[in-house]
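In listed order, ligands and their atoms are each counted from 1. Below, each value reflects all heavy atoms present in this structure, side chains not excepted, and no hydrogens, waters or symmetry copies.
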Amino acid sequence: MTARAESNRQRGLPDAEVARKVDYLLSRMTLEEKLGQMTMVENNSITPAQVAEFYIGSVLSGGGGNPTPNTPANWRAMVCAFQKAALETRLAIPLLYGVDAVHGHNNVKGAVIFPHNIGLGASRDPDLVERIGQVTARELLATSVHWTFAPSVSVPQDLRWGRTYEGYSEDSQLVAELGAALTRGLGNCRADGSIQVLACAKHYVADGAAQWRESPIAEDAPQQGSTAPPQDSAAPQAVELAPGQWQIDQGDAPIDEASLRTTHLPPYQAAIAAGARTVMASYSSWGGEKLHAHRYLLRDLLKGELGFQGFVVTDWMAINQLDPDYQQCVVQAVQAGIDMVMVPYDFRRFIAALKKAVEGGDVALKRIDDAVRRILRVKLDLGLFEQPFGDKPLLESLGCAAHRQVAREALRKSLVLLKNERQSLPLSRDAPRLLVAGRAADDIGLQCGGWSITWQGEAGATTSGTTILEGLRAAVADTAAIDYSADGQFAAEARAAVGIVALHEEPYAEGFGDRADLSLVPDEIALLRRVRERCDKLIVLLIAGRPRILTEQLPWIDALVAAWLPGSEAHGIADVLFGDYPFTGKLPFSWPRSMDQIPLAALQASAEEPLWEYGYGLTD
Ligand code: BGC
Ligand code: BGC
């Protein structure tokens with residue numbers, strides 16, 4: 001029995017009944033009602049009254065699409081207002097509200113934030129990832145959100161890509177295993193199966209194979225000093241692009257079909273088998289053809305060969321890239337197999353264009369009916385008709401200690417010990433003094449990274465949780481002194497047996513994180529030197545969305561821990577540094593010796609070994 005049939009059975013809703021209900025609704029729907037179901041609008045671009053007026057099927061919060069003030073109760077109120085409007089329409093079809101809950105319900109202030117996927121890849125622990133899915137689902141349902149654009153099942157092949165950390169691993173099989181685990185957790189968040197959170201496997205397909213300098217954004221805005229990428233045109237911020245930004249994200253994957261199938265497709269098959277009912281198309285291209293208009297990959301392969309019964313949603317404004325003529329964009333996407341369009345702003349224009357396409361015969365009504373049928377079926381299977389407002393009592397548990405424990409466990413299991421000489425680790429609790437340096441040692445925002453409260457993430461006390469320093473302070477005996485200095489400029493006489501330096505990447509998301517060079521930068525090197533002079537043993541924690549190039553600095557470091565992007569519960573770092581728990585994490589990506597070993601294909605062609613192999617990780 002499929003995961004979906006099984007959950008319907010548990011809810012006493014046999015497949016045949018779902019099919020009857022879908023037929024019933026479809027037979028009564030006007031064209032306007034059908035087109036509305038296929039439309040997804042971002043929350044600040046529509047009112048509840050307009051949701052009703054245009055029969056809108058879905059609303060989303062993009063990264064940082066938060067209510068003001070950003071509280072769980074306000075989230076719930078915001079989502080419920082849209083839902084209420086949808087339910088007041090003639091056919092009362094509930095709305096699907098979607099968010100990027102990619103490491104917990106990460107836009108919500110006070111929600112627990114888990115390590116980003118790269119850290120979970122290091123854990124190699126599907127049971128843990130499934131529990132993370134369950135906790136995330138409960139926090140989502142508390143705010144009446146039923147849909148997350150997760151898991152990302154990208155298989156990143158180039159560490160310069162700013163979305164590397166959103167992927168679990170460079171290894172397809174590990175991605176498949178963990179993506180399926182998260183999907184299961186989202187689906188099985190309630191013992192009685194009465195309601196689920198809908199997963200969305202993204203970005204279909206081979207986004208992780210995009211090549212350097214193939215990003216369409218780079219062509220439009222490659223230079224330093226140019227402003228935000230064009231697909232973000234409605235966002236007010238004018239962001240300066242540093243060298244390397246938007247060089248790879250959304251680019252072309254010039255791989256052959258065999259490697260598309262063996263490396264990039266299996267995680268979708270696994271997620272679908274685990275119950276993922278939505279798939280998001282990728283901004284990227286395959287062999288020069290955009291995925292959003294790729295009939296072979298969407299219709300023939302995904303829906304045909306793989307038998308995918310759910311619906312395909314676009315990425316944010318992605319169809320606009322298909323053709324200079326918007327009308328053509330809409331036709332091409334829907335004809336290729338897109339079922340729901342993340343518009344996200346000008347929904348009137350989208351609906352009018354699709355209507356014109358149907359009336360002019362460019363899109364057959366049969367195609368529209370297929371899309372709407374898929375959307376309705378998913379909504380029914382989910383339990384959305386029975387529980388459109390999620391689960392209000394769960395609000396009390398949002399961000400609770402039990403949920404935070406799971407994130408703390410995840411962090412412990414994500415840490416990879418790369419070097420440990422002179423018995424530097426574990427630390428002794430009785431050491432009289434510790435020197436701790438680096439901004440990331442005492443900053444929740446930095447340890448959460450991108451997709452945290454805001455789209456790009458930012459430094460500072462952005463949400464609740466524990467910083468690394470707070471975790472260390474809680475772990476040492478009262479007698480031990482911890483001297484902390486963000487920039488490592490300690491008082492002249494400060495010395496200690498052990499110094500801990502946290503290095504970090506500034507938060508980023510998507511192409512803003514594309515980087516030509518992953519080497520440590522002069523400021524980081526200076527910080528290492530400063531602390532090195534003041535301690536006998538130097539321990540380095542690397543807070544980063546990917547491996548960094550540090551071959552030259554390695555000799556100065558006694559113990560090195562890859563902590564990835566740890567999330568909100570940094571007690572987990574002290575837990576392992578002090579030896580209460582062992583190091584168990586294994587590298588989810590090979591660790592290159594130099595930039596010459598990036599991308600992965602270059603490493604595979606290299607005469608030299610990587611600095612550390614995929615799967616490497618010391619236990620003590
Ligand atoms: C990203 C997706 C995300 C969507 C909605 C896009 O820019 O590529 O991963 O789900 O925005 O926020
Ligand atoms: C939104 C993100 C989205 C991005 C796409 C931002 O304004 O907040 O969710 O992914 O635009 O460019």
Side-chain angles (χ1 to χ4, degrees), residues 39-46 58-66 96-108 116-117 136 140 145-156 161-168 179 182 186 197-208 210 215-217 228-235 237 239 245-246 248-251 253 267-268 271 276 278-285 290-292 311-321 338 340-345 449-457 508-514 545:
T39 308
M40 181 196 277
V41 189
E42 76 98 14
N43 62 321
N44 293 309
S45 303
I46 194 164
S58 179
V59 171
L60 89 148
S61 281
N66 310 329
L96 254 179
Y97 200 98
V99 303
D100 294 282
V102 298
H103 60 150
H105 195 356
N106 44 56
N107 287 305
V108 180
H116 266 298
N117 284 349
T136 304
L140 286 164
V145 176
H146 292 79
W147 189 14
T148 169
F149 308 126
S152 162
V153 291
S154 316
V155 190
W161 188 29
R163 306 196 81 150
T164 299
Y165 68 78
E166 295 186 59
Y168 295 105
L182 191 89
L186 293 167
V197 165
L198 183 60
C200 181
K202 71 184 188 185
H203 308 84
Y204 183 83
V205 58
D207 55 346
S215 171
I217 312 292
Q231 100 288 4
D232 196 22
S233 54
Q237 80 271 32
V239 184
Q245 290 185 323
W246 291 100
I248 184 165
D249 189 50
Q250 306 192 8
Y268 290 92
T278 66
V279 166
M280 186 186 292
S282 178
Y283 280 120
S284 59
S285 307
K290 296 254 188 213
L291 260 297
H292 278 80
F311 68 85
V312 179
V313 62
T314 73
D315 205 333
W316 178 281
M317 229 180 188
I319 65 166
N320 302 41
Q321 299 181 1
I338 294 291
M340 183 187 278
V341 173
M342 192 188 291
V343 177
Y345 303 118
W451 297 109
S452 304
I453 312 301
T454 55
W455 178 35
Q456 294 296 313
Y508 54 78
E510 305 186 36
F512 288 109
D514 291 356

(message) Please work out, at 4.0 Å between heavy atoms, whether the side chain, the backbone, both, or neither of W455 comes within that distance of ligand 1.
(response) neither
(message) I need the atoms of ligand 1 closer than 4.0 Å to a non-hydrogen atom of W316, numbered in the order shown.
(response) 6 (C), 7 (O), 11 (O)
(message) Within the structure provided, determine whether Q321 and K290 are in side-chain contact (heavy-atom separation under 4.5 Å).
(response) yes
(request) Side-chain contact test, heavy atoms from C-beta onward, threshold under 4.5 Å: evaluate it for Y345 versus N320 and give yes or no. (result) no
(request) Taking only heavy atoms of E510 into account, list the atoms of ligand 1 that are under 4.0 Å away from them. (result) 1 (C), 6 (C), 7 (O), 8 (O)
(message) If we check side-chain hydrogen bond (donor to acceptor under 3.5 Å, both in side chains) with D207, which of these qualifies: S284, S152, S154?
(response) S154
(message) If you define the side chain from C-beta out and look only at heavy atoms, does anything of E510 sit under 4.5 Å from W451?
(response) yes
(message) Under a 4.0 angstrom heavy-atom cut-off, which atoms of ligand 1 come close to K202?
(response) 2 (C), 3 (C), 9 (O), 10 (O)
(message) Could you tell me, atom by atom, which parts of ligand 1 come under 4.0 Å of a heavy atom of D315?
(response) 1 (C), 2 (C), 3 (C), 4 (C), 6 (C), 7 (O), 8 (O), 11 (O)
(request) Could you check if a side-chain atom of T136 sits within less than 4.5 angstrom of a side-chain atom of V197, using non-hydrogen atoms only? (result) no
(message) Within the 4.0 Å heavy-atom shell around H203, which atoms of ligand 1 are there?
(response) 2 (C), 8 (O), 9 (O)
(message) Show the atoms of ligand 1 that are less than 4.0 angstrom away from any heavy atom in F149.
(response) 10 (O)
(request) Indicate yes or no: does an N/O atom of D100 lie under 3.5 Å from an N/O atom of ligand 1? (result) yes
(request) First locate atom OG1 of T148, then atom CG of N106, and finally report the distance between them rounded to the nearest 0.5 Å. (result) 7.5 Å
(message) Between ligand 1 and R163, can you find any atom pair, the residue atom being a heavy atom, that is separated by under 4.0 Å?
(response) yes
(message) When you compare the side chain of F512 with that of W455, does any pair of heavy atoms fall below 4.5 Å?
(response) yes
